[in-house]
There are 2 protein chains.
Amino acid sequence: MSEFDLIAHYFTRPDHSTPSVVLGIGDDCALLQPARHLQVISTDMLVEGRHFLAGANPFALGHKCLAVNLSDLAAMGAKPVGFTLALSLPSVDEAWLQGFSAGLFALADQHGCTLVGGDTTKGPLVICITVFGEVTAEGALRRDAAQAGDDLWVSGTLGDARLALAYRRGEIDQDSQSLALAAPRMDMPTPRVALGMALTGIARAAIDISDGLGGDLKHILSRSSVGATLNIDMLPAGPALATQSPDLRREYCLAGGDDYELCFTAPVAQRAAVLEAASSAQTAVTRIGQIDSVPGLRISDSEGRALTLSFPSFDHFTTP
Amino acid sequence: MSEFDLIAHYFTRPDHSTPSVVLGIGDDCALLQPARHLQVISTDMLVEGRHFLAGANPFALGHKCLAVNLSDLAAMGAKPVGFTLALSLPSVDEAWLQGFSAGLFALADQHGCTLVGGDTTKGPLVICITVFGEVTAEGALRRDAAQAGDDLWVSGTLGDARLALAYRRGEIDQDSQSLALAAPRMDMPTPRVALGMALTGIARAAIDISDGLGGDLKHILSRSSVGATLNIDMLPAGPALATQSPDLRREYCLAGGDDYELCFTAPVAQRAAVLEAASSAQTAVTRIGQIDSVPGLRISDSEGRALTLSFPSFDHFTTP
């Protein structure tokens, strides 16, 4: 199967064009109608053995590659429009391509996000998606918009993706029932697109949690020149993690990574509006702390005692 | 050096923002002003050992990664606006990053094309750039726009990049003077952005030549439902290739690849306008044949004799 057959067979869907796509796959470039509002762009590259284990289920992988990109749009409050896919493959494995493209398009269709172009090449298994969306200038949930006094919120639950990784790596004793509960959070994360869009005009700053809540929150704090106090025992542990020891719960909630939940700030006066937005997006949200004017992140327990914890945030070049 | 230090040190340039970039590197997504016209998008992934040799000069590589993407914009007649960069690196090699980023930004600055976001990860050396531009709906040089009777044109010269590869692979006896002449065409290709923009409203269809003129031209022919006759002895061989045997000249001009010249069609009535556009873009153009209504590509020599030649176009999964 040639490169062009591969694209035609697995990645071209003539019946899935959308009005905003003037010209899709098959030319030097894609042509899109200009955005009505600001154009929102993000890119993520996933490497076998680094972001996913060798032999990962291709359907889940197709889902996850797009999900992590849509999660960035969600963290900006943007509506997805389209994406490009660059794919380096060791060989043409048709069963793999079938599963990968099915997982990719199932999620793309859920969000009305059209594949508009791409590139395929032979090489190590590497997947790079660039995603496009749009948002109003006033609605954009920027990292630099948090203000002292804001509530600090997080969506969904934390830590189950990290727990699944720990099981698979043999870091902790495997419990098959708990793994079955946690695994989908690692393999098929749900990007909080509906919540992000519902929060525009209500929330101030937002980030999606990919490297761990503690580390990612610090990006909001430094970009906004504010600090925060966070109640570690308010963090919503995932259902699998909730059955683990309090220490592991705290660690994986604060520094687990791969959660793809939204961490966001909103004025106190918007509490009811935040809950309504969450309800309309069918996504749980939990108030976990407060933004203040003292730089840095302070962590307390449910009795209000200050804790000294240091869990490193994931970093591709310093984390082993 | 951490992932964030790496981005801050090599890829963040606060003094290089442009009015169209509302928010650049450092948030979940970039925010751009909506395009005035159609939004043009293309992506290309380059893999070490596949698109460039291991140990390639990092400055040249930074140039080439962006050049191949800008070449796609050129083939659409688009004006470059910005790009994202996803980078998988085996390790943090500061000398390499210094050279790579310098080569990348030197070319980006030439074209007013701003780095708006990206991703870095540890892994095999893989570089994925997604580039954005804009073009008017009437001006876009689409592959499906060629018409019978159009002249067939090519920019610049062909085959020297392939000759440089042949020298380096030891496929032909090395001639250091000739290699010095040919190597820049392989290592530092010039995207024909100014020519592409100057041809909007004059040319009809265009493609950039990355896999070989013959193979790439066939994409125009099939998408436009036309055919072409091409005079192989009119093809403008590069100065290094011009000193080689006629057979090698023909083969590398027609099927060399990595040329990054534009192949385009234009009405006969536009001949003077094409030459004027080429002159304004300071880029040579050569008329090499004619579009007709008989499907397929026919190749003749300077005496008008039909030739039967078959040089395969490069394909990542069928070319060894």
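So you know, we letter chains A, B, ... as the sequences are listed, proteins then strands, and number each from 1. Only heavy atoms go into these numbers, but all of them, side chains included; no hydrogens, no water, no symmetry mates.
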So Phe11(A) and Phe100(A), would you call those rings parallel, tilted or perpendicular, with 30° and 60° as cut-offs?
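Phe11(A) vs Phe100(A) ring planes: perpendicular.
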
Could you tell me which of Val22(A), Val116(A), Thr130(A) has the largest number of non-hydrogen atom pairs under 4.5 Å with chain B?
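Heavy-atom pairs under 4.5 Å are most numerous for Thr130(A).
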
Best-contacting candidate, Ala206(A), Ala30(A), Gly118(A), against chain B by heavy atom pairs under 4.5 angstrom
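Answer, by heavy-atom pair count under 4.5 Å with chain B: Ala30(A).
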
Has the side chain of [X] got a donor or acceptor atom that lies under 3.5 Å from a matching backbone atom of [Y]?
X         : Y         : value
Thr200(B) : Met197(B) : yes
Thr265(A) : Leu152(A) : no
Asp27(A)  : Cys29(A)  : no
Ser42(B)  : Asp28(A)  : yes
Ser101(B) : Gln98(B)  : yes

Point-to-point distance, once rounded to the nearest 0.5 Å, from CG of Leu104(B) to CG of Leu61(B):
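Rounded to the nearest 0.5 Å, the CG-CG separation comes out at 9.5 Å.
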
Among the listed options [options], the residue most often paired with chain A at heavy-atom distances under 4.5 Å:
options                                 : answer
Gly117(B), Ala137(B), Cys128(B)         : Cys128(B)
Leu31(B), Asp5(B), Leu46(B), Thr84(B)   : Leu31(B)
Arg142(B), Glu48(B), Arg36(B)           : Arg142(B)
His37(B), Arg143(B), Glu134(B)          : Arg143(B)
Ile207(B), Ile41(B), Leu38(B), Val40(B) : Ile41(B)

Which portion of [X] sits near chain B, non-hydrogen atoms under 4.5 angstrom:
X         : answer
Val126(A) : both
Leu23(A)  : side chain
Val135(A) : side chain
Leu125(A) : neither

Report which part of Val47(B) has an atom under 4.5 Å of a heavy atom belonging to chain A: side chain, backbone, both, or neither.
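The answer is the side chain of Val47(B).
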
Would you say the side chain of Ser210(A) lies within less than 4.5 Å of the side chain of Tyr260(A), judging by non-hydrogen atoms?
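When only atoms from C-beta onward are counted, Ser210(A) and Tyr260(A) do touch, with a gap below 4.5 Å.
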
For Lys218(B), is there an ion pair with Asp211(B) - N to carboxylate O distance below 4.0 angstrom?
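Salt bridge flag = no for Lys218(B) with Asp211(B).
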
Establish, from distance only, whether the side-chain atoms of Gln33(A) and Ser20(A) form a donor-acceptor pair under 3.5 Å.
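Looking only at side-chain atoms, Ser20(A) and Gln33(A) do not form any donor-acceptor pair under 3.5 Å.
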
Who in residues 65-75 of chain B is close to chain A, using a strict under-4.5 Å heavy-atom cut-off?
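Result: Asp72(B), Leu73(B), Ala75(B).
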
Which residues pass the side chain to side chain contact (heavy atoms under 4.5 Å, CB included) test with Leu165(A), sequence neighbours left out?
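For Leu165(A), the residues satisfying side chain to side chain contact (heavy atoms under 4.5 Å, CB included) (neighbours in sequence not counted) are Arg162(A), Arg169(A), Met186(A).
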
Around atom NZ of Lys79(B), are there more than 12 heavy atoms from other residues, nucleotides or ligands closer than 6.0 Å?
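At most 12 heavy atoms, drawn from other residues, nucleotides or ligands, come within 6.0 Å of this atom.
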
